[in-house]
Structure formats: structure tokens, C-alpha cells
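Here's the structure we're looking at; comments come further down.
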Protein chains: 2
Amino acid sequence: MNLSSRQLRAFVALAQEKHFTKAAGRCHQTQPAFSALIRSLEDAAGVRLFDRTTRRVELTPEGHLFNESALRLLNDLEAVMGDIQDHVAKRKGSVAVAALPSLAAGWLPGIYARFHEQYPGVELHLHDALLVPCLDMVRLGSADIAVAAKGSDMSGLHTEPLCEDYFHLVCRDDHPLAQRDAVRLSELKGNAIIQLGKGSSIRQSLVRNAAFSSLDSFLEVDHLATVTGLVTAGLGISLLPSMTLFQFQHERIKVIPLAPRSRIKRSLYLIRRSDKSLSSAGRAFYELLLSQRGELARRNDFASAPGTIQGADTFPTFP
Amino acid sequence: MNLSSRQLRAFVALAQEKHFTKAAGRCHQTQPAFSALIRSLEDAAGVRLFDRTTRRVELTPEGHLFNESALRLLNDLEAVMGDIQDHVAKRKGSVAVAALPSLAAGWLPGIYARFHEQYPGVELHLHDALLVPCLDMVRLGSADIAVAAKGSDMSGLHTEPLCEDYFHLVCRDDHPLAQRDAVRLSELKGNAIIQLGKGSSIRQSLVRNAAFSSLDSFLEVDHLATVTGLVTAGLGISLLPSMTLFQFQHERIKVIPLAPRSRIKRSLYLIRRSDKSLSSAGRAFYELLLSQRGELARRNDFASAPGTIQGADTFPTFP
DNA sequence: CACACTTACGATATTCGTAAGGATT
DNA sequence: AATCCTTACGAATATCGTAAGTGTG
């Protein structure tokens with residue numbers, strides 16, 4: 001047994017209009033086609049639903065019975081379809097992103113603001129987490145997208161290159177190298193290096209670099225804000241990728257790019273599950289992130305020039 | 001936008017099986033036809049509802065959303081259709097009959113018992129009322145069928161002859177005519193006639209008869225049971241149609257048919273609204289009543305022979 | 001290479017709209 | 001005579017099943 005929503009709509013129209021020709025018009029059909037539609041519904045039900053006396057159309061007892069439910073069924077159906085369409089049109093939905101702390105604090109808020117402005121109905125979730133938790137969240141489904149580096153195990157995940165994040169020297173203005181335009185890694189020998197914890201993707205990018213491993217590190221902290229404090233206090237220097245530099249806009253702190261030969265970078269990716277497609281809102285967010293790739297590269301260049309570092313405050317903020 | 005229940009069923013099947021070929025089999029279709037059905041649903045929704053990776057079928061986020069409602073929608077729809085079919089099959093429903101008091105007490109209970117045995121799910125209502133209220137109830141819709149005589153205004157009502165109800169003399173065993181096989185109306189002259197009230201169809205059938213109007217009536221009562229008492233007390237005689245005679249099975253009361261030349265009858269009809277069709281259960285009841293026409297005629301004959309009057313107790317009674 | 005979904009395509013069913021028919025007021 | 005629903009029928013559309021195509025493990 002089959003039954004179409006058009007039959008339901010035809011029934012409801014006729015039950016209200018009590019007039020085949022008018023109801024047919026409301027359904028954008030000719031009257032005979034409409035008549036056949038009603039008959040097909042009656043055949044499916046196994047009873048006449050309307051008494052037609054050429055001059056008057058009335059519901060039969062079974063028609064009344066059906067009428068009590070038909071409108072509800074139709075509204076239910078249209079509510080469900082409408083809900084889907086709302087999600088497709090991104091008037092509803094939710095996107096959860098897991099991002100490395102540096103990105104969550106620096107770059108993403110602006111993206112969020114832009115996305116929220118365009119799709120105010122979409123709920124947004126932002127989890128800042130270290131690399132491994134980021135990947136785990138995507139794998140478990142508690143995040144749709146991760147913005148992070150690559151981990152050791154990328155199985156089941158789809159990665160798409162986002163940008164390269166170049167490391168810079170961060171030191172106090174009275175440091176011997178503070179006035180340089182660029183420094184080589186070898187020049188840092190003997191300096192106390194302030195490092196991030198082992199879970200950090202920044203730390204992991206650094207240890208993969210042979211030249212760096214020859215340097216001394218004596219301090220290990222968990223958060224970038226702590227690095228700011230330590231450097232300002234003159235306890236040491238640090239090497240940090242450009243995406244973090246917006247946090248170091250302190251008058252006594254200098255940021256100096258590494259010389260081309262000494263360049264260290266970490267590669268950042270958009271990461272999602274390879275076996276699960278994104279929701280409409282998720283896909284939109286993903287593509288918004290991708291569309292920012294070019295701008296991100298420019299942003300990194302600017303970061304190299306002292307005084308023109310762009311931070312979160314250059315983007316509109318959440319209300 | 002159109003959407004069929006078959007699409008819903010296909011979706012639900014695929015969401016559960018997660019396998020096109022199996023789900024197609026469950027829907028009694030070939031796999032390509034099933035595939036097209038799913039695609040048509042996705043086109044209607046405007047999104048992919050399933051991720052098909054050749055080796056695994058999974059719901060997309062929008063598919064999950066739809067899945068939460070699809071089963072409910074389908075069950076709702078099938079419940080409504082099932083309800084209709086229950087009514088068509090007379091597993092559910094209700095019939096309200098308005099009948100003259102004599103019929104409501106005498107003949108109908110047996111019909112009700114038979115109907116209830118065959119269709120135990122159908123609710124039955126029986127209103128005993130005088131002629132005019134009977135017709136009014138049908139007109140107003142509070143009764144589906146009336147079993148009654150014709151009233152003065154039959155507009156909007158459809159009538160179908162049911163039976164002729166012949167009048168008999170009812171008197172006490174010591175009445176001069178008590179031992180006769182038949183009596184003529186003229187022989188009743190001078191007797192005190194016990195009458196029913198003006199609203200009664202029995203009274204109305206009598207007053208239309210010229211021969212009767214020449215007789216004296218001095219007592220008017222509302223209920224047949226009262227007539228029994230009055231006749232037994234020797235206060236008078238009465239003329240009553242055969243359908244009422246089951247109430248006069250008293251050892252001192254004699255029932256005597258009128259002679260052919262003096263025959264008075266009232267015609268009884270099945271009455272329903274002419275502009276409104278009956279429900280399935282109502283139609284079944286109506287036809288059960290009609291099918292009893294022949295038996296009713298026989299019943300009237302028996303009633304004429306003293307000692308073989310059939311009353312309600314010859315039919316099965318309600319549990 | 002075997003399994004599983006998609007595409008291609010001819011055949012069948014449905015549905016549509018126009019035109020004619022029948023019934024009621 | 002006018003209105004309104006039904007029937008008739010050829011045309012357009014949709015759906016189906018078979019068979020070939022594609023892609024993945």
C-alpha cells in the first residue's frame with residue numbers, strides 16, 4: 001500500500017473547500033486529475049471518504065475520521081522536511097571544531113564571528129585541545145573538524161593542508177639579538193629556551209628539527225601566556241610559530257623571524273573523519289576555513305614584520 | 001514537493017539494514033529500483049541522507065535527523081490507515097439507532113445481540129423515543145438510523161419500508177369478545193378504549209382510521225406497561241399493533257386479531273438522512289435490519305395466534 | 001575478482017490534461 | 001441553461017527490471 005503527500009494535501013484541500021474544482025485549483029491541477037487523485041486515496045483506504053452529490057461535497061463518516069488525522073500527518077511531515085531544509089540552508093545545525101590552543105585563541109574567533117554573522121542559527125562549539133585530544137575528538141565524533149597538525153596515527157582521518165606556520169624567535173628587547181632582522185638557529189646556542197609541554201604540537205614540531213635539538217631548554221610550561229610572562233621577566237627566550245605571535249604584543253618583547261636557512265615550520269591541516277560526511281553546516285564551516293588559506297599565508301608574512309602582528313582583535317568579536 | 005510512504009519505508013529499511021540489496025529485498029524491489037527510490041527521496045530533501053562507500057552504507061548527519069522522525073511518521077500514517085480499515089472492517093465504530101419504544105423493547109434487542117456477536121468491536125447506541133424525536137435525532141445526526149413510522153415532515157430523510165404492523169384487540173379474559181378468533185371494529189362500540197399519548201405513532205396510526213374514530217376512548221397513558229395494568233384491572237380494552245404484543249403475555253389478557261375487513265395497520269420504515277451516507281458499521285446494521293424484513297412478517301403472523309406470541313426473551317440477550 | 005552500488009535503457013504503469021458525458025438545480 | 005463531478009482517451013511522466021558499468025577491499 002502506497003500513499004503520497006500529494007494525496008494528503010488533496011484530501012485536506014477538498015475537506016476544507018468542499019468543492020472539487022476549487023480544491024483542484026489550490027493544488028494546481030485540473031479538476032479531473034484531482035478527482036482521480038481523490039479516488040486513488042479512497043481506493044487505498046478502501047472506503048469513500050467524500051459523499052459527492054453533484055451539488056454538494058461532504059465528508060463521509062470515514063472521511064471525518066481521516067480528516068482528524070490527515071492535517072496533523074501533513075503538518076508533521078512538512079515540519080520534518082522543513083527541519084531538514086533548515087539544516088541544509090544552515091538556518092539550523094551545529095558545528096564542533098577542535099583546534100590547537102594557539103589557533104583556538106588567535107585565528108578561529110574571527111572565523112567564528114564571520115560564520116555566525118552569515119549563519120546565526122547554527123550553534124558553534126570550539127574545543128581547544130592539544131594535538132592528540134583534537135584528533136581523538138574527531139575520531140569519536142565529538143568534534144566535526146579539527147584544525148591541527150598531523151599526529152602519529154592518522155588512520156580513519158582525512159587531512160587537507162591548511163597552512164605552514166613558521167617559527168620565530170621571541171625574546172626581550174634587551175636581548176643581544178633583539179634588534180636583528182633575522183636570526184639563525186646556531187646563534188641561539190647557549191640561550192635558555194622556554195619550551196611548551198610534550199603534548200603540544202609546537203614542541204613536537206621543534207623536536208623533529210635536528211638543529212634545534214642541540215639547543216638547551218630548561219623551562220617547560222603548558223600555556224603560551226606563561227611564556228609571555230617568563231620572557232618579559234628575562235628568564236629566557238622561546239621559539240614559537242607565527243600563529244601564536246598575536247599573544248606577544250608586549251612592548252618589551254621582540255619577535256624576530258628565523259633566517260631562511262634556519263627556517264622551522266609546523267604544517268597545519270583541516271582534519272575530518274574519512275568515513276563520515278560533514279553536515280551542511282559543517283561543510284560550510286570547513287569550506288570557510290579552506291577559503292581562508294590564502295589569507296592565512298599573508299597573515300604569517302605580516303607577523304614577521306614587527307608592529308604589524310594581527311591578533312584576534314582585528315576581527316569582529318562575538319556579541 | 002511530493003513524498004510517498006514507499007519512500008519513507010525504503011528509508012527506514014535502509015537505515016536499519018544499512019545495505020541496499022537487503023533493504024531492497026525487504027521492500028520487494030530490485031536493488032536499482034530501490035536505489036532510485038532513495039535518490040528520489042534525497043532529491044526531495046535536498047541532501048544526501050546516506051553515505052555510500054560501496055562497502056558500507058551510513059546515515060549522513062541529515063540522514064540521522066530524518067531517521068529520528070521517519071519511523072514515527074510512518075507509524076503514525078499506518079496507525080491512521082489501520083484505524084480506517086478497522087472501521088471499514090467493522091472492528092471499530094459505532095451505530096446509534098433511534099427506535100419507537102415498542103421496537104426498542106421488543107424486536108431490536110435481538111438484532112443488537114446478533115450484530116454485537118458478529119462485530120463485537122462496534123459500539124451500539126439505542127434510543128427509544130416517540131416518532132417525532134426519533135426523526136429529529138436522525139436529522140440532527142445524533143442517531144444514524146431510525147426504525148419508526150413516517151412523520152408529517154420527511155424532508156431530508158430517506159425511508160425504506162420495513163414491515164406492516166397490524167393492530168389487535170387487547171382485552172381481559174372475561175371480556176365478551178375474549179374467546180373470539182377475530183373481531184370487527186364495529187363490535188367494539190361502547191367499549192372503553194385505553195389510548196396512548198398523542199406523540200405515540202400507535203395513536204397516530206389509529207386516528208387516521210375512520211372506523212376507529214367513532215369509538216370512545218377515555219383513558220390516555222404514556223407507556224405500554226400501563227396499558228397492561230389497566231386492561232388487567234378491567235378498566236378497558238386497547239388496540240395495539242403486533243410488535244407490542246410481547247408485552248401482554250399475561251394469563252388474564254387475551255389478544256385477538258382484527259377481522260380482515262377491519263384491519264388497521266401502521267407501516268414501519270428504516271429511516272436515514274438522505275444527504276449523508278452511513279458509516280460502514282451503520283450500513284452493516286442497516287442491512288442487517290433489512291435482511292430481517294421477511295422474518296418480521298412471519299413474526300407478526302405468529303403474534304396473531306394466541307399463545308405463540310414471541311417476545312424479546314426468544315432472542316439472545318446482551319451479556 | 002567478488003561484492004555492492006550506480007548508470008543505461010527499453011518496457012510497463014501512472015498520472016495528466018483535454019474533451020465529452022451525466023446528473024442536479 | 002448552468003454548474004459540477006465523472007468518464008474516456010491520447011500524451012507525457014515516472015517507475016520498474018535487466019544488463020552493463022564502476023569502484024573498493
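Note that the coordinates shown come from a computational prediction; the quantities given were computed from them, not determined experimentally.
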Practice problem: Would you please test Glu78(A) and Arg9(A) for salt bridge (charged side-chain N to carboxylate O under 4.0 Å, His left out) and show each step? | Solution: CA-CA 11 Å; Glu78(A) 289 181 346; Arg9(A) 255 184 289 273; 2.3 Å; yes

Quiz item: Roughly, in whole Å, what's the span from CG in Asp275(B) to P in dA23(C)?
Solution: 20 Å

Quiz item: What is the distance from NE2 of His19(B) to C1' of dC5(C), rounded to the nearest Å?
Solution: 10 Å

Quiz item: dT7(D), dC5(C), dC4(D): which one has an atom nearest the side-chain heavy atoms of Thr21(B)?
Solution: dC5(C)

Exercise. Classify the nucleic acid contact of Gln29(B) as base, sugar-phosphate or nothing, counting any heavy atom under 4.0 Å across all strands shown.
Key: sugar-phosphate

Practice problem: Decide yes or no, distance alone: a donor-acceptor N/O pair under 3.5 angstrom between the base of dT6(C) and the side-chain of Arg52(B). | Solution: no

Quiz item: Are any of the side-chain heavy atoms of Leu290(B) and Glu160(B) separated by less than 4.5 Å?
Solution: yes

Self-check item: Distance, rounded to the nearest Å, where Glu58(B) contributes CD and dA4(C) contributes C1'
Solution: 15 Å

Self-check item: Set of residues satisfying salt bridge (charged side-chain N to carboxylate O under 4.0 Å, His left out) with respect to Arg283(B), sequence neighbours excluded
Solution: none

Self-check item: Residue closer to the 5' end of DNA chain C, Thr30(A) versus Lys18(B) (nearest nucleotide)
Solution: Lys18(B)

Self-check item: From dG17(C), dA8(C), dC5(C), nucleotide with atom closest to Val57(B) side chain
Solution: dC5(C)

Exercise. For Arg39(B) and dA8(C), give me the distance from atom CZ to atom C1', rounded to whole Å.
Key: 11 Å

Practice problem: Using a strict 4.0 Å threshold on nitrogen-to-oxygen distance, state whether Arg52(B) and Glu42(B) make a salt bridge. | Solution: yes

Practice problem: Would you kindly compare Ala33(A) and Arg55(A) by the position of their nearest DNA chain C nucleotide and give the one closer to the 5′ end? | Solution: Ala33(A)

Quiz item: Out of dT7(C), dG17(C), dT6(D), which has the shortest distance to the side chain of Arg48(A)?
Solution: dT6(D)

Exercise. Could you check which of dC5(C), dG17(D), dT7(C) has an atom nearest any side-chain atom of Phe20(B)?
Key: dC5(C)

Quiz item: Whole-Å distance between dC3(C) P and Lys22(B) NZ?
Solution: 13 Å

Quiz item: Charged N to carboxylate O under 4.0 angstrom, Arg26(B) versus Glu17(B)?
Solution: yes

Exercise. Please state how far atom CG in Asp43(A) lies from atom P in dT6(D), giving the value in whole angstrom units.
Key: 12 Å

Quiz item: In whole angstroms, how far is the C1' atom of dA20(D) from the CD atom of Gln31(B)?
Solution: 13 Å

Quiz item: For the side chain of Pro32(A), counting heavy atoms from C-beta on, which of dT6(C), dT18(C), dC5(D) is nearest?
Solution: dT18(C)

Quiz item: How long is the line joining CG of Leu37(B) and C1' of dG17(D), in whole Å?
Solution: 14 Å

Self-check item: Out of dA4(C), dT18(D), dC16(C), whichever nucleotide has its closest atom nearest the side chain of Arg6(A)
Solution: dC16(C)

Quiz item: Should Arg56(B) be listed as having a side-chain N or O under 4.0 Å from OP1 or OP2 of dA4(C)?
Solution: no

